[in-house]
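Everything numeric in this text was worked out from a predicted model, so none of it was measured.
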Amino acid sequence: MAGLQQTNSEKILLSWVRQSTRNYPQVNVINFTSSWSDGLAFNALLHSHRPNLFDWNAVASQQSPVQRLDHAFNIAKQHLGIEKLLDPEDVATACPDKKSILMYVTSLFQVLPQQVTLEAIREVEMLPRHSRVTREEHIQVHHQQHFSEVSCFTFLLSSWCSKVVVSLTYPKSLM
């Protein structure tokens, strides 16, 4: 049920991830749950923007999902300053928590280059969706979507405000 509808924020985020990981044949991110459980998507996303940080082939071929997830979270902490908000054991499941994955990927989105093409967004809109929804599921999804949009908007607005304050506080020569 959680994958029935996507907010516009989720579509943009998923488009960015798919566009960033397009050159990694082992990675096919179609959602914010099971697509992340083997650790390859997190590592591919990091490697696509910062290839000098680690050897992709070594990580992709020699490690278990928990090891790959731990690797990605450690790289993000050490080199991007993103706290280890997720436990590898909690993500290396058949269906990890969507909101937790969204929160972490949004943190990556804020510090990595963010260009998303219209083509990538259209591609996400063409991904298959579940079609049968009960009235109760529809109401629950609608409420979750509204909460998710408000939370994401608040998070992105606060991030933007922080960047504006920093840029107004410090001359460009110091940044």
Give me the ring orientation class for His47 and Trp56: parallel if the planes are under 30° apart, tilted from 30 to 60°, perpendicular past 60°.
tilted
Give the ring-plane orientation class for Trp16 versus His49, where under 30° counts as parallel, over 60° as perpendicular and anything between as tilted.
parallel
Nearest atoms (heavy-atom pairs only) where [X] meets [Y]:
X	Y	value
Asn28	Ser35	O-OG, 3.6 Å
Trp36	Val17	CH2-CG1, 3.6 Å
Ala41	Val27	CA-CG1, 3.9 Å

Verify side chain to side chain contact (heavy atoms under 4.5 Å, CB included) between Arg50 and Leu80, making sure each step is shown before the conclusion.
CA-CA 10 Å; Arg50 303 284 296 274; Leu80 304 175; 3.1 Å; yes
Would you call [X] and [Y] a side-chain contact if the rule is heavy atoms closer than 4.5 Å?
X	Y	value
Gln78	Leu53	no
Tyr104	Ile82	yes
Ile30	Arg18	yes

Under 4.5 Å between side-chain heavy atoms, counting indirect links through other Ile/Leu/Val/Met/Phe/Trp/Tyr residues: same cluster for Val66 and Phe73 or not?
no
Working to the nearest 0.5 angstrom, can you tell me the gap between [X] [atom1] and [Y] [atom2]?
X	Y	atom1	atom2	result
Thr106	Ile101	OG1	CD1	11.0 Å
Lys84	Asp70	NZ	CG	4.0 Å
Ser107	Leu86	OG	CG	9.0 Å
Leu46	Asn74	CG	CG	11.0 Å
Tyr24	Asn43	OH	CG	9.5 Å
Arg68	Leu40	CZ	CG	4.5 Å

Look only at the side chain of Ser37 and the backbone of Ala94, and say whether a donor-acceptor pair between them is shorter than 3.5 Å.
no
Donor-acceptor pair, distance only, cut-off 3.5 Å: does the side chain of Ser48 make one with the backbone of Ser20?
yes
Verify the distance criterion only: is there a donor paired with an acceptor across the side chains of Ser61 and Asn57 at less than 3.5 Å?
no
